[in-house]
2 protein chains.
Amino acid sequence: MVNAESAVSRATASRLPAYLRYLKGEAGKGVEYVSSAAIAKDMGLSAVCVRKDLALVSSRPGKPRFGFEVRLLIEDIEKFLGYHRWTNAVIVGAGGLGRAILSYEGFENYGIHVIAAFDNSPAKVGAAGGKPIYPMERLGDVVRRSDVKVCILTVPRSAAQEACDQAVVAGINAILSFAPVHLHVPEGVKVKYEDLAVSLAELCGA
Amino acid sequence: MVNAESAVSRATASRLPAYLRYLKGEAGKGVEYVSSAAIAKDMGLSAVCVRKDLALVSSRPGKPRFGFEVRLLIEDIEKFLGYHRWTNAVIVGAGGLGRAILSYEGFENYGIHVIAAFDNSPAKVGAAGGKPIYPMERLGDVVRRSDVKVCILTVPRSAAQEACDQAVVAGINAILSFAPVHLHVPEGVKVKYEDLAVSLAELCGA
DNA sequence: TAAGAATCGATAAAAAATTATCGATAAATG
DNA sequence: CATTTATCGATAATTTTTTATCGATTCTTA
């Protein structure tokens, strides 16, 4: 048996969140139906591509002359992406970026609880955005007790590999890193790099 | 005539920054040569894919039995990606995230000067990370005077479209948005979404 | 100095993704 | 009620991307 996610191509999967963002915007404006052509135009894709993507995740077909029902489509995509399964995450590195993310409330819409941050420096320990900042020593504890699988790494580049190692030891198996450094991790641990400068540079160059 | 960037496939282009990150890591460890097989192994790609990518951007061929010279490869990729052409950028939205990014120094390695932030709220005006935070009214001014083309949007979702419009009016033609909202922009303005929650969710689900 | 190992580059094959085309369907309209 | 229009879904064609294969090159080492 294949799981739901392997049923769609990687390319499609990477567009689904964008559809979701777009559809929520339309829903917010009170739009009830959208056609694949309209989505395509607004999002800069081809209509055929949109139809094909939606066919894979939509629980019911689009209506000729109307298109797809926005509300249902949002539900279907969210269900498909698993935003209903809840996951706990922690932040390692409570500098400016770490604290900003700790205060960000947008994660809850995606099935993610960011429960705490951790930092080496005693000066950083405390709280931000109503959530606790603990000393690094407590990382293993919290990870085990709250069954945390994911870590957001917001430490300076020089501290990244060491912090990464500590997170892995603590039991984390997926890392979203903001440090612009390649991390070496054991087999089975996933790393995703979120490089702000690269994103920006791509935008400039393209 | 085609420009340099259109000479490589989109897929390759999206891997180049990752090679760069990896190569810089190796360079930092004192490694002088790397083989495509080694890169592939560490980065989770196929060796053939790596060779093909590098062949497109490397100014000189790899040496049999050694591989590629790390230092040269870094230079070639940076040159290829245009990290030598400088671009000015501004931040719109000086909340926690905006200020954190304003203080981030990693942009300079990518040919990007983040010169200032802007905010509606008078309380936010001032400075962070040694860079000024101006009231929104001054956006047009600064954009024109410093020939700013790119804007990082870090305002709350409810303010995003309006701030985006202001940026466009001011003369911005590329936006990196952290607000989880689809933005409507005129033809010719590029938008890229940096959705932290989506990145994290992809990591959890995959 | 000859044999062997590691690596490359190029060409070819396979797989994946996008785009095009077309008949079918359902609402709107005269 | 027939015609027109907007849309869909499916199949087919095209393009892009990845992977496989193989001879050539260059260093190592016996």
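Computed from a prediction, not measured in an experiment: that's the story for all the values here. Convention: sequence-line order gives letters A, B, ...; per-chain numbering from 1.
Distance, A:Phe68 CZ to D:dA6 C1': 13 Å, rounded to whole Å. Atom P of nucleotide C:dT18 and atom CZ of A:Arg10 are separated by 12 Å, given to the nearest angstrom.
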Return all side-chain donor-acceptor pairs below 3.5 angstrom for residues 55-66 of chain A, not counting sequence neighbours, or 'none' if the list is empty.
unit_1: A:Ser58; atom_1: OG; unit_2: A:Arg60; atom_2: N; d: 3.4
unit_1: A:Ser58; atom_1: OG; unit_2: A:Arg60; atom_2: O; d: 2.6
unit_1: A:Ser59; atom_1: OG; unit_2: A:Asp76; atom_2: OD1; d: 3.1
unit_1: A:Ser59; atom_1: OG; unit_2: A:Asp76; atom_2: OD2; d: 2.9
unit_1: A:Lys63; atom_1: NZ; unit_2: A:Tyr33; atom_2: OH; d: 3.4

Atom pairs and distances, donor-acceptor, side-chain atoms in residues 156-170 of chain A, under 3.5 Å, two or more places apart:
unit_1: A:Arg157; atom_1: NH2; unit_2: A:Pro180; atom_2: O; d: 3.4
unit_1: A:Gln161; atom_1: OE1; unit_2: A:His184; atom_2: N; d: 2.9
unit_1: A:Gln161; atom_1: NE2; unit_2: A:Asp165; atom_2: OD1; d: 2.9
unit_1: A:Gln161; atom_1: NE2; unit_2: A:His184; atom_2: O; d: 3.0

Hey, can you pull the donor-acceptor pairs under 3.5 Å for the side chains in residues 36-54 of chain A, sequence neighbours left out?
unit_1: A:Asp42; atom_1: OD2; unit_2: A:Tyr22; atom_2: OH; d: 2.6
unit_1: A:Ser46; atom_1: OG; unit_2: A:Cys49; atom_2: N; d: 3.1
unit_1: A:Asp53; atom_1: OD1; unit_2: A:Thr12; atom_2: OG1; d: 2.8
unit_1: A:Asp53; atom_1: OD1; unit_2: A:Arg15; atom_2: NH2; d: 3.0
unit_1: A:Asp53; atom_1: OD2; unit_2: A:Arg15; atom_2: NE; d: 2.6
unit_1: A:Asp53; atom_1: OD2; unit_2: A:Arg15; atom_2: NH2; d: 3.1
unit_1: A:Asp53; atom_1: OD2; unit_2: A:Tyr19; atom_2: OH; d: 2.6

Side-chain polar contacts of residues 87-105 of chain A - donor-acceptor pairs under 3.5 angstrom, sequence neighbours left out - could you list them?
unit_1: A:Asn88; atom_1: ND2; unit_2: A:Ser146; atom_2: O; d: 2.9
unit_1: A:Arg99; atom_1: NH1; unit_2: A:Ala94; atom_2: O; d: 2.8
unit_1: A:Ser103; atom_1: OG; unit_2: A:Arg99; atom_2: O; d: 3.0

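The salt bridge (Lys or Arg N to Asp or Glu O under 4.0 Å) check on B:Lys124 picks up nothing, with sequence neighbours excluded. Contacts of B:Arg71 classified as salt bridge (Lys or Arg N to Asp or Glu O under 4.0 Å), with partners at least two apart in sequence or in another chain: B:Glu69, B:Glu75. When the ring pair (Phe, Tyr, Trp, His ring centres under 6.0 Å) test is applied to A:Tyr83, the partners found at least two apart in sequence or on another chain are A:Tyr110. Remark: B:Lys192 pairs with A:Glu202 by the salt bridge (Lys or Arg N to Asp or Glu O under 4.0 Å) rule, at least two apart or across chains. For B:Phe68, the ring pair (Phe, Tyr, Trp, His ring centres under 6.0 Å) test picks out no residue, with sequence neighbours left out.
For residues 71-79 of chain B, proximity to DNA chain D is found at no residue, defined as any non-hydrogen atom under 4.0 angstrom from a strand atom. If you check residues 24-61 of chain A against DNA chain D, the residues with a heavy atom closer than 4.0 Å are A:Ser35, A:Ser36, A:Arg51, A:Pro61, listed by number.
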| task | Sugar-phosphate atoms are those with a prime plus P, OP1 and OP2; base atoms are the rest. Using that split, label each nucleotide of nucleotides 24-30 of chain C B, S or - for protein heavy atoms under 4.0 Å, 5' to 3'. | result | -BSBS--
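Phosphate contact (OP1/OP2 of D:dT17, side-chain N/O of B:Ser9, threshold under 4.0 Å): present.
Looking at B:Leu153, B:Leu196, B:Asp195 one by one, the single match for side chain to side chain contact (heavy atoms under 4.5 Å, CB included) with B:Phe178 turns out to be B:Leu196.
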